[in-house]
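Take a look at the structure below.
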Amino acid sequence: NVNAVDYLDRIEGYGVPGTAYMRDLVQTLTGLLGYTVGRDLHAAPYDWRMSPAYLEKIGWFDQLKALIEQTRRENGNRKVHIIGHSMGAVFSTYFFNKIVDAKWKRANIAYFISMCGAYGGASEALRGVVSGDASSSTVLGINLLRNLDARLMERSSGSFNFLVPYQIADQPPIWTAPIVKTREGNSTRLWNVDDMPAFIQYAAMRDGSPEAMNWLDTFNGIRPAKSHSYVVDPGVRT
């Protein structure tokens with residue numbers, strides 16, 4: 001089905017106003033283009049707090065692979081089109097380059113469509129782990145969380161630390177200007193994309209709390225050297 005993709009939240013089976021996500025896309029595919037949910041249109045929701053390495057560890061990518069194979073078999077062995085949005089596009093690239101091989105991709109994938117893929121990371125993720133960002137917790141104009149409350153979750157989430165801006169190896173620069181400016185007294189420092197690990201260290205040490213030290217450990221565990229090396233050509237038509 002497409003639950004958790006058309007709406008991010010439901011009550012008694014009905015989508016909660018203000019949480020529509022892929023609703024319009026699903027309605028277009030089913031209403032205008034003849035797709036049928038559960039037959040040739042499926043969603044692959046995941047826990048967006050997790051890093052791709054953790055999702056691999058718990059078997060989510062294995063489930064995705066099985067769903068793709070099942071969909072192909074149940075639809076006359078026609079190859080499958082994959083749509084990945086935002087972080088989902090990056091996770092799709094992880095799947096294509098780390099989980100399956102070229103033979104499998106040739107047999108199962110027609111096209112991969114990346115919608116607003118967060119390749120190179122996202123400034124929103126950086127804001128979340130440093131200052132807290134509760135903007136996504138606003139429903140019908142009501143703030144459900146304070147920024148500092150949101151920061152506790154965002155710092156412990158693999159996905160936020162994973163999406164702190166980074167430069168893709170051997171690719172043209174994505175972040176061409178400084179990302180952060182800090183000031184101490186009369187001194188100002190500009191932090192570029194290559195400085196992000198050092199900036200996270202700086203921000204955590206400035207905070208100094210046990211929670212900040214746990215955050216630093218989380219970041220360093222998720223972002224070792226070459227942690228985004230799979231963000232290259234997915235090896236399928238796009």
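Along the sequence shown, the residues carry numbers beginning at 1.
Salt bridge annotation for Asp149-Arg146: present, with a cationic side-chain nitrogen under 4.0 angstrom from a carboxylate oxygen. The residues Arg155 and Asp207 are annotated as salt-bridged, a charged nitrogen and a carboxylate oxygen being separated by less than 4.0 angstrom. The pair Lys103-Asp101 does not meet the salt-bridge criterion, since no charged nitrogen lies less than 4.0 angstrom from a carboxylate oxygen.
Of the possible polar contacts, none joining the Arg23 side chain to the Ala20 backbone as a donor-acceptor pair under 3.5 Å is found. The backbone N or O of Pro172 lies less than 3.5 Å from a partner atom in the side chain of Gln167, making a donor-acceptor pair. Side-chain atoms of Asn147 come within 3.5 Å of backbone N or O of Ala134 as a donor-acceptor pair.
Within the model, atoms OH of Tyr46 and CZ of Phe91 stand 5.0 Å from one another, a figure rounded to the nearest 0.5 Å. Atom CE in Met87 sits 10.5 Å away from atom CE in Met50 (nearest 0.5 Å).
The side-chain heavy atoms of Tyr7 and Tyr14, taken from C-beta on, include no pair separated by under 4.5 Å. Residues Leu41 and Thr36 have side chains not in contact (no heavy-atom distance under 4.5 Å, counting atoms from C-beta outward).
Closest approach of Trp215 to Ala203, counting heavy atoms only: CH2-CB, 3.9 Å.
Note that Arg106 lies outside the cation-pi zone of Trp104, set by a 6.0 Å cut-off to the ring centre and a 45° limit from the axis.
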